[in-house]
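Structure record follows, encoded as structure tokens.
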Amino acid sequence: MDGARLLGRLFGVRAEEVDPDGAGPARVPVPVEVVVVGGGIAGMSAAVVLAERGVRVTVLEGAPRLGGRLAARPETLPDGTPQLVDHGFHAFFRHYYNWRSILRRIDPALRFLRPVDGYPVLSADWPPEEFGRLPAAPPANLLALLVRSPSLRPRDLRAIDRRAALPLLAYDPDRTYRDHDGATARQLLDGLRLTDRARAMLFEVFAHSFFNHEADLSAAELIAAFHFYFLGNPEGLAFDAPDLDHDTAVWRPLATHVENLGAVVRTGDPAVEIRPGWQVRCASGRTHRSAFLVVAVDPPALRDLVAASPLLAATAPVLAGQVAGHGSGPPYAVARFWFGGDVAPGRAVFSGVSRQPTLDSITLYHRLERGARRWADRTGGSVVELHAYACPDLPAAVLADRMRRELAALWPETAGLPVVDLRTRVGARAPAFRPGAAATRPGVHTDADRLYLAGDGIRADLPSALMERAATTGITAANQILRRVGAGTEPLRSVPRRGLLAGRNRD
Ligand SMILES: Cc1cc2nc3c(=O)[nH]c(=O)nc-3n(C[C@H](O)[C@H](O)[C@H](O)COP(=O)(O)OP(=O)(O)OC[C@H]3O[C@@H](n4cnc5c(N)ncnc54)[C@H](O)[C@@H]3O)c2cc1C
């Protein structure tokens, strides 16, 4: 263990085992049937845990392929090359304990994940800030950032309003939401009195990664995310990424895993109505019945499905009210370019981008994923993916063009690269985290008996976000069912549930 991790342990920054009451039988004592609606990370995490304990699981996925926002779809390039194109680059952080535990079912050593070196943040105005080379664990990572960051000079540090900064170090699952959910992330950052440069380079990129604008994002959610990724993270900000497309690396093996355990996975037939009982009617007209239901669809799909299910809404008014009030955040855009030439050799595989109007990140897929690398090796080209995490509602082609121009402002060598092919996508399926909304965020447990929710927009009892929130809520939903039928549950792991200074900041 390195010195930073050891110091972190002394401060109590270590993974915690929670929900360990798996003492019941390893298999359900009576036959149990569960329908899982939605085959993304949340739904498949629930399906894996249930199927492994002998539950008869049916997964209903509306799209032609599993994966949701982590899916990949087949495409053919103009030269005839087949490529599976991911929905977008994803960083698999090392403290995603529960998502990684699901993935270990298909690859026990997680060999398909490769470290992504470095994590620079780029700007047209200031030199890059490097997050990937900080010490692995808090508080050493914070101290190193404060000492080493070119964006923070001693006088900038002295100007920071320490009272306003304290909540960032004192995350508490109750107090943080009680005291800060009414404010916006923008107000929280304004209160820190950072220099414009420090704010842009250290905070704004981070805030954008949660698919919401600072002015619409709850300050409590930003504090929780800061705790989860930085100040409560025993593994550091380092992350890995699959060296294969997501369909080959994740979804086909996970489908095979649950099918080998007797589960049925049905794709391409969306659920259109839920009736108490539980019955799920699909677009094809087929109805699926089961004693328990896990609904693991994305936020706008959940809102639409509940709105189209009047009998469910009548049985579960709290659920219906909560779901209606929690929609999706602004659109995000992904543009993958196949260029007829390469970027400069020293460019990082993944870079965050600060203060460009549209562009938030750049990924060099040809230095990461095998299919893209093969194409680039054969043609001398490059495969570059650009993301905007919270953007205006414009056509995908317009956003791709804007991101490409902003890329050229940062990396001039890309301006003249010919575009061999381009795939673009705009989506608005990420959850909104509006100020004041935490108290009514739907949780896994609902007022609909034997119906559970899962997904990255669902309230979790553990610090988590994005992919890890999806997996954590999926496993939690499975555990609720296993407990009800008297079977052993799946252990969950978490970063520390409270911040470094939470104790000192108590009432
Ligand atoms: C461009 C991009 C980049 C990202 N980068 C990262 C990252 O670097 N790190 C990270 O942790 N997270 C990242 N995320 C977020 C991550 O993808 C999500 O948090 C996660 O995939 C959510 O999983 P989920 O299962 O909750 O929802 P989803 O993946 O949305 O799955 C829901 C599923 O339900 C299905 N469905 C919807 N309606 C119905 C219906 N009526 N009937 C049946 N099925 C239905 C959908 O088709 C979908 O498959 C990124 C997301 C995007 C878009």
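First listed ligand is number 1; within each ligand, the first listed atom is number 1. What's counted below: heavy atoms across the whole structure, side chains too, no hydrogens, waters or symmetry copies.
- Atom 36 (N) of ligand 1 has Val297 CG1, 3.7 Å as its closest protein atom, hydrogens excluded (heavy atom only).
- The distance criterion of under 3.5 Å between nitrogen or oxygen atoms is not met by Pro270 with respect to ligand 1.
- Of the candidates Met467, Arg69, His90, Arg69 brings a heavy atom nearest to atom 30 (O) of ligand 1.
- The nearest non-hydrogen atom to atom 42 (N) of ligand 1, considering only Ala271, Gly427, Gly62, comes from Ala271.
- In terms of heavy-atom proximity, Ser218 sits nearest to Arg434 at CB-O, 3.9 Å.
- Classification of the Phe226-Phe230 ring pair by plane angle, with boundaries at 30° and 60°, yields tilted.
- Residue-ligand proximity, Tyr332 to ligand 1, at heavy-atom distances under 4.0 Å covers atoms 53 (C).
- For atom 21 (O) of ligand 1, the closest heavy atom belonging to the protein is Ile41 CD1, 3.6 Å.
- Within a 6.0 Å sphere centred on CG of Asp461, other residues, nucleotides and ligands contribute 12 heavy atoms or fewer.
- The residue from Gly457, Ala301, Ala308 that puts a heavy atom closest to atom 38 (N) of ligand 1 is Ala301.
- Taking atom 18 (C) of ligand 1 as the reference point, the nearest protein heavy-atom neighbour is Asp456 OD2, 3.4 Å.
- Salt bridge annotation for Arg404-Glu406: absent, with no cationic side-chain nitrogen under 4.0 angstrom from a carboxylate oxygen.
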Exercise for review: Could you walk me through whether Arg199 and Glu214 pass salt bridge (charged side-chain N to carboxylate O under 4.0 Å, His left out), step by step?
Suggested key: CA-CA 12 Å; Arg199 179 176 174 144; Glu214 263 172 37; 3.1 Å; yes

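- Shown in contact with Leu60 at under 4.0 Å from a heavy atom are these atoms of ligand 1, numbered in order with element: 43 (C), 44 (N).
- Atoms of ligand 1 lying under 4.0 Å from any heavy atom of Val334, numbered from 1 in the order shown and given with element: 1 (C).
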Point to revise | Verdict with reasoning, Tyr452 to Thr446, per side-chain hydrogen bond (donor to acceptor under 3.5 Å, both in side chains) | key: CA-CA 6 Å; Tyr452 301 94; Thr446 72; over 6 Å; no

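- Not one N or O of Tyr229 is nearer than 3.5 Å to an N or O of ligand 1, by distance alone.
- Here the protein heavy atom with the shortest distance to atom 31 (O) of ligand 1 is Gly40 CA, 3.6 Å.
- Distances between N or O atoms of Ala465 and those of ligand 1 include no value under 3.5 Å.
- In the candidate list Gly88, Ala91, Ala296, Ala91 is nearest to atom 9 (N) of ligand 1, counting heavy atoms.
- Counting the atoms of ligand 1 from 1 in the order shown, those under 4.0 Å from a heavy atom of Phe89 are 3 (C), 4 (C), 5 (N).
- Leu407 CG to Thr358 OG1: the interatomic distance, rounded to the nearest 0.5 Å, is 12.0 Å.
- Among all heavy-atom pairs drawn from Leu122 and Ser351, the shortest one is CD1-CB, 3.7 Å.
- Each of the atoms 26 (O) of ligand 1 lies under 4.0 Å from some heavy atom of Gly455.
- Arg252 and Thr248 are linked by a side-chain donor-acceptor pair at a separation below 3.5 angstrom, with hydrogens and angles left out of the test.
- Residue contacts with ligand 1: Arg429 is excluded, as none of its non-hydrogen atoms falls under 4.0 Å.
- For atom 12 (N) of ligand 1, the closest non-hydrogen atom of the protein is Leu466 CB, 3.3 Å.
- Inspection of the His387 and Glu385 side chains reveals an N or O donor paired with an N or O acceptor under 3.5 Å.
- Looking only at heavy atoms of the protein, atom 25 (O) of ligand 1 is closest to Ala42 N, 2.9 Å.
- Under the 30°/60° scheme for interplanar angles, the aromatic rings of Phe131 and Tyr119 are found to be tilted.
- Atom 34 (O) of ligand 1 has Gly38 CA, 3.4 Å as its closest protein atom, hydrogens excluded (heavy atom only).
- If you check which protein heavy atom lies closest to atom 23 (O) of ligand 1, you get Ala470 CB, 3.5 Å.
- Closest heavy-atom contact between Asn212 and Gly329: OD1-CA, 4.1 Å.
- Atom NE2 of His445 is surrounded by 12 or fewer heavy atoms from other residues, nucleotides or ligands within 6.0 Å.
- For ligand 1, one of its N or O atoms has an N or O atom of Glu61 under 3.5 Å away.
- Note that the CD atom of Gln279 and the CD1 atom of Ile274 stand 11.5 Å from one another [nearest 0.5 Å].
- Ring-plane geometry between Tyr96 and Phe93 is classed as tilted, the angle between the planes lying from 30 to 60 degrees on a 0 to 90 degree scale.
- Residue contact annotation: Ser45 has no non-hydrogen atom under 4.0 Å from ligand 1.
- In this pair, Trp99 and Phe92 present their aromatic rings parallel. The plane angle is below 30°, not in the 30 to 60° band.
- Less than 4.0 angstrom separates some heavy atom of Gly67 from each of these atoms of ligand 1: 29 (O).
- Among Phe239, Phe93, Phe211, the residue whose heavy atom lies closest to atom 52 (C) of ligand 1 is Phe211.
- With a heavy-atom cut-off of 4.0 Å, Tyr96 touches ligand 1 through its side chain alone.
- Less than 4.0 angstrom separates some heavy atom of Val37 from each of these atoms of ligand 1: 42 (N), 43 (C).
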